[in-house]
Novice: 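Right, I'll just put the structure down here and ask away after.
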Amino acid sequence: MKSAIPYLATIGLEVHVQLKTRSKMFCTCPVEFGAEPNTHTCPVCLGLPGALPVMNHEALRMTVLTGLMLGCDIAPIGKFDRKNYFYPDMPKNYQISQYDMPLCTNGNVPLHDLAYPKDAQKNIATPEKEVHLVRIHLEEDVAKSFHFETTTGIDFNRAGTPLMEIVTQPEINSPEEAFAFLTSLKQILIYGGVSDADMEKGQLRCDCNVSVRPENQTELGAKIEIKNMNSISGVRRALGFEIQRQIDALERGEKLQQETRGWDEVAGETFLMRTKEFAHDYRYFPDPDLVPVKTEVLLGDVRGRVPELPKAKRARFVEQYQVSAYDAGVLASDLDLARYFEI
Ligand SMILES: [Zn+2]
């Protein structure tokens, strides 16, 4: 249904990125996708009582590197907290995460024209838009549940994989911008060698917060979260569906409530999962097993690892090789292609 009153969509993303370290965040088990279930485990990542975590310094460096690539402020001290909740894929009953002292704050992701979906590249609402970030923090991934016909199995190989959470400001205004943000972010993560960011392998996962409001209203509408999106095109489709669903509800005079929804890829619809829980439900407190980290000791090393980023590479290709801006964009969108071009 097309509406007579124009509506504005406000979207914020929470992106989870598995880091490409050799071992897990707090133990020496290897990080490897597709291994036989429960073959990469130990007392630490199984959450057995008395097992003590040991910090993976490379995961800290990769998070700081991501912060530098995205122009973030790097916190002088990083601290880990316990996020308490119960779920079968997390036998400790808490996840080690960062609460009030994330490693990185602020920063931004520049959106390039070619990062938009092909059919939307001719009609970009805000060219050269930069999406600002709230924070980047480091945490451990949980195990993965597999639901069979009558049983559920849990694979602990994923438990304890270093996971970065990147949170944007709510300043994305369309499904196409969300698509461009994820595509641009993925390129930068690959450039930095911090993640392969392969959504099919669960290396990049995304929760979307979306609300709509009539254009003449300043107050934001009810924030609705869509959980666990695992493809960039899926994010675009889910947001497109959800924005229209909310507009239709408002047009019918319904009041929208804050809630969490899932995305059914086959049906092409979002569905209600639960009403939203609040942060204080998690009863965060500092993890007594882990000392705070001074980032100063990491920074010297990490600064030297900041690569030439896609935006700078595009500009250099135009300048140095006199290729068109479009060709430079295509070349720089794929790091292997860009390297091959320069051989
Ligand atoms: Zn382990």
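Remember, it's 1-based here, ligands and their atoms both numbered in the order they're listed. What's counted below: heavy atoms across the whole structure, side chains too, no hydrogens, waters or symmetry copies.
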Novice: Measure from NZ or CZ of K144 to the centre of the six-membered ring of F146 and say whether it is under 6.0 Å with the direction within 45° of the ring axis.
Specialist: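 Output yes; distance and angle both within limits.
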
Novice: Could you tell me if K83 sits above the aromatic ring of Y282, with its cationic atom closer than 6.0 Å to the ring centre and no more than 45 degrees from the axis?
Specialist: yes

Novice: Does R305 come within less than 4.0 Å of E58, counting only side-chain N to carboxylate O?
Specialist: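 Yes, charged N to carboxylate O under 4.0 Å.
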
Novice: What do you reckon, are the aromatic ring centroids of Y94 and F285 less than 6.0 Å apart?
Specialist: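 No.
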
Novice: Under 2.8 Å from the Zn ion (ligand 1), how many protein N, O or S atoms can be found?
Specialist: 4

Novice: What orientation do F317 and F341 show, parallel under 30°, tilted 30 to 60°, or perpendicular over 60°?
Specialist: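 Ring orientation, 0 to 90° scale: tilted.
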
Novice: By side-chain contact (heavy atoms from CB on, under 4.5 Å), which residues pair with D196, not counting sequence neighbours?
Specialist: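 side-chain contact (heavy atoms from CB on, under 4.5 Å) list for D196, sorted by chain: K20, Q203.
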
